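Working notes, structure below.
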Amino acid sequence: MRIRAFAPAILPYQRGWLRADLLAGLATAAVVIPQAMAYATVANLPPQFGLYTCMLPLVVYAFVGGSRTASVSTTSTIATLTASTMLGAGIAAGSPDAPSELVTLTLLVGVILLVARVLRLASLVENINEATLIGIKAGVGLTVAATQLPKLLGVPGDPDADGFLRTVLSMVRHLGDVHLATVALAVASIAILLAMSRFVPAVPGPLLVVVLGIGLAAGVDLPGHGVALIPEVPQGIPLPGLPSLDHVGGLLPGALAIALMAFLETVAVARGVRRPDEPPVEPDRELAASSMSALVGSFFHALPPSAGFSQSSVNARAGAKSQVAGLVTAALAVLVSLFLAHVLSMLPQATLGAMVLVATLGLVDITALARLYRYDRVEFGMAVAVAVFALTAGLLRAIAVGVVLTLYLVLREINTPNVIRLVRQDGAGWHEAIETAGATETAAAPTDPLVLRFGTALYTANLRSNTAAVHTFVEAAGFPGTVILDLRRLPKMSSTVLDGLRDFETELAPDGVRIVYACLSEHVHTMVRGWPWWQQVESEGRYFTTIDDAVNAVR
C-alpha cells in the first residue's frame, strides 16, 4: 500500500465519508473540549489553555499524522508532567509568567521531538517497555486523583504541593474545612459519569455533566452557597505569544520526559484505533506529527499535545473515516472559544474535578498488573517500583528510573547467549540439534568438526556471553580440532565483534582448536573484508560460503 507524504490520514478523500466525519467530529468535541479544559487545571493553568490545545495541534496532526482516527489534544499524563515540570523550574501555579513559560515548554517539547525525528530515534524510543508505562500511568492516575481533592472537597489547595504524598498530606490538614455542598455536587457528577460510561456509552458523559453543572449554576447562586466556579474563560481565540528564556534550563529535563511520553502515547493510541484497511502506523511519521503539532501549537499557548485514548475511542466509535473529523473538532473548539466562553465560566470546580478523577483513575490498571504478576515477576516488580517511585519522588524522576530499568532489561536480554549446535541429516541438510543456548547434553559425543551457529546478532554487550557458550560446547565435545561457526544470522559485525572473535581464537589455540567461519551475508562479507584480521582469516583459507564447503575442506 502506497504511503502518502501529505495528509495520508485524509487523502484520497471519499465524498461519502463527509457525513460520518462531521458526526464523529461533533461527538469527539463533546468529550475532548471539556476534558482538555479539565486537564489544563491539572497542569495548574487556567481552563482556556486546554481549549486552545484543541485547536492548532488537531489541525497540524490532521495534515501530518498517519492515523485516521487518533484525536490529538492533551492527556492527563502530559498535564501532570507539565505541572511537575513548571513547579520544578520554580514557576508557581497562577504565576503571571506561566503563559509565556508554557510557550517555552511546549516549544522545547517540539524541538526535542524534531531532533529525535531527524536522528531517526523513533524505534529507539519505542524500546520503553510496557511494564514501565503501566507503572508510570498508575503513578499518574493516583497523583492526578490527589490533585483533584481540593476541588472535590471544597477546601483550599496548596499551590506548592508537588506529588502524591505532599498533596494528600496537605488535604489531611484541611479535612475539617470540607464543604458539604461541594462534596455533594462532586459525588453526583462522579455518579453520572460512571453511570453514563457503563449503561449509555454512546452519550458523552463529560458533556452531560458540564451542561448539568452550568445549568445548576445558572439556576442557583452556587458561589453564594460556597461552591466555587472555574476561573473566567476569556472570549476569543488565543493571540500568538513569545517564549520566555528565563527558565529554559529548568524546563529542559521535564520537556524531555514530556516528549518521550507524548510520542509513546500517540503511537500507542494510533495503533490501538487503527482499522485493518488503514496503512500501518509509521513511528517516524508520528514523531514528525507530534513535533510539528507542538511547535505550531506552542506559540498559541497550547499544552504539549498528545493523542488520548478516550477521545480517540469516541472518535472511532462515532464512525470517523478520516482526520476531517479532527478538523471539525478543532473548528468547534474555535466556535466555543468565540461564542460560549462566558457560558463555560459558569462551570463548577467540583464538576471539573469529577471529570478529571473519573478519567484518570482508569490509568491504574489492576488487570494489567495482575497479568504481569502471573507472567513475569521481574516486569511486575519493575511496574510497581516505577509506580511507587512516581508517588514518592515525583513523575519526572519515575520516568528516568523507568528508562534506566528498561535499559537494564534490554541489556539483560541482549546478554543472553544464543549458540546452537548444528547436525547433518542425510538428504535434509544441516539442522539445529538444540534450541537452548549453551546447553551441552547433545554435545556429549566428540564431534570433529563441531558446527555451531550464533542464533542472534553479536554486539559488544553479548559478545562475551556468546563466546563463553561456544567454549562450553567445545569443552563438552572434547576440544575437537576444528570448530565451524555459522554467521548467517549476523546482520552486522562491528570492529569490536571482530576483535572479540580474534581474541577468542587466541584463547582456544592452546587446546589445539582451530576456528573456521561460514555463511556471512554478502553485505556483511563485503564489510568485514576491510578489517585486517579478517583479511588474515581469508588468506589462511578459514572462511567458506557454505557449511558443506567448510566441512569438506576440513575433512
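No experiment lies behind these values; they were computed from the predicted model shown. Numbers here are sequence positions counted from 1.
- Between T392 and L165, the closest side-chain pair of non-hydrogen atoms falls below 4.5 Å.
- Here the CG atom belonging to L485 is positioned 8.5 Å from the CG atom belonging to L450, to the nearest 0.5 angstrom.
- Of all heavy-atom pairs spanning L357 and A145, the tightest one is CD1-CB, 3.5 Å.
- Minimum interatomic distance between G250 and P253 (heavy atoms only, all atoms of both residues): O-CD, 3.6 Å.
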Side-chain donor-acceptor pairs of residues 516-523 under 3.5 Å, sequence neighbours excluded:
residue : atom : partner : partner atom : Å
Y517    : OH   : E505    : OE2          : 2.7
S521    : OG   : V524    : N            : 3.3

Next on the checklist: Between E507 and T467, does the side-chain contact (heavy atoms from CB on, under 4.5 Å) criterion hold? Intermediate values first, please.
Outcome noted: CA-CA 10 Å; E507 292 178 20; T467 54; over 6 Å; no
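- In this structure, T53 contributes its side chain and L303 its backbone to a donor-acceptor pair below 3.5 Å.
- Contact check for F63 versus L327: side-chain heavy atoms found under the 4.5 Å cut-off.
- Checked options I258, L256, L252, V109; the residue passing with T85 is I258 (criterion: side chain to side chain contact (heavy atoms under 4.5 Å, CB included)).
- At least one side-chain heavy atom of L295 sits under 4.5 Å from a side-chain heavy atom of L107.
- The closest side-chain heavy-atom distance from V281 to E286 is below 4.5 Å.
- At a cut-off of 3.5 Å, with distance as the only test, a side-chain donor of T546 or D549 sits close to an acceptor on the other residue.
- A donor-acceptor pair under 3.5 Å is absent between the side-chain atoms of N462 and the main chain of P417, judged by distance alone.
- How far CG of L395 is from OG1 of T82: 11.0 Å, rounded to the nearest 0.5 Å.
- For E282 (side chain) and L287 (main-chain N/O), no donor-acceptor pair under 3.5 Å exists by modelled atom type.
- Judged by distance alone, the side chain of R274 and the main-chain N or O of S67 form no donor-acceptor pair under 3.5 Å.
- S465 places no side-chain N or O within 3.5 Å of a backbone atom of T416 that could act as its donor or acceptor partner.
- One distance of note links OG1 of T132 with CD of E379; it measures 8.5 Å at 0.5 Å rounding.
- Across all non-hydrogen atoms, the minimal contact from A259 to I112 is CB-CG2, 3.8 Å.
- A 4.5 Å side-chain heavy-atom check between R502 and V537 finds every atom pair outside the cut-off.
- Proximity of a side-chain donor or acceptor of D511 to a complementary backbone N or O of V513 within less than 3.5 Å is not detected.
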Item to check | side-chain contact (heavy atoms from CB on, under 4.5 Å) assessment of L133 paired with E265 | outcome: CA-CA 10 Å; L133 296 179; E265 284 190 324; over 6 Å; no
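- Counting non-hydrogen atoms of other residues, nucleotides and ligands closer than 6.0 Å to OH of Y408 gives a total of 12 or fewer.
- Here the closest non-hydrogen pair linking G139 and L391 is O-CD2, 3.8 Å.
- For R275, the CZ atom sits in a packed shell: over 12 heavy atoms of surrounding residues, nucleotides or ligands are nearer than 6.0 Å.
- Here the CE-CG distance, from M86 to L251, works out to 7.0 Å after rounding to the nearest 0.5 Å.
- Within the 3.5 Å criterion, the main-chain N or O of S322 finds a donor-acceptor partner in the side chain of D21.
- Judged by distance alone, the side chain of R542 and the main-chain N or O of E538 form no donor-acceptor pair under 3.5 Å.
- Residues A359 and Q35 come closest through the heavy atom pair CB-NE2, 4.1 Å.
- A heavy-atom distance below 4.5 Å is found between the side chains of W531 and D499.
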Next on the checklist: Please determine whether side-chain contact (heavy atoms from CB on, under 4.5 Å) holds for the pair F454 and L487, giving the CA-CA distance in whole Å, both sets of side-chain angles, and the decisive distance to 0.1 Å.
Outcome noted: CA-CA 6 Å; F454 289 117; L487 307 179; 3.6 Å; yes
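- For S291 (side chain) and G110 (main-chain N/O), a donor-acceptor pair under 3.5 Å exists by modelled atom type.
- Atom CD1 of residue I547 and atom CZ of residue R453 lie 5.5 Å apart, to the nearest 0.5 angstrom.
- Side-chain contact of T80 with T143: a donor-acceptor pair under 3.5 Å is absent, judged by distance alone.
- For the residue pair G500 and L463, the shortest heavy atom distance occurs at CA-CD2, 3.5 Å.
- V64 is not listed as a side-chain neighbour of S293, based on a closest heavy-atom distance of 4.5 Å or more.
- Side-chain atoms of T106 come within 3.5 Å of backbone N or O of A302 as a donor-acceptor pair.
- Judged by a 6.0 Å distance limit and a 45° cone about the ring axis, R166 is not positioned over the six-membered ring of F164.
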Next on the checklist: For a side-chain contact (heavy atoms from CB on, under 4.5 Å) check, start with the C-alpha distance between I420 and R489, then their side-chain angles and the critical distance, and finish with the verdict.
Outcome noted: CA-CA 12 Å; I420 306 162; R489 294 185 179 172; 4.0 Å; yes
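- Applying the ring-ring contact (aromatic ring centres under 6.0 Å, His included) test to Y543 and every residue at least two apart in sequence or in another chain returns H525, W534.
- Within 6.0 Å of CZ on R397 lie no more than 12 heavy atoms contributed by other residues, nucleotides or ligands.
- Residues S71 and Y61 have side chains not in contact (no heavy-atom distance under 4.5 Å, counting atoms from C-beta outward).
- Other residues, nucleotides and ligands place more than 12 heavy atoms under 6.0 Å from the CZ atom of F479.
- Taken from CG in L363 to OG1 in T77, the straight-line distance is 5.5 Å, to the nearest 0.5 Å.
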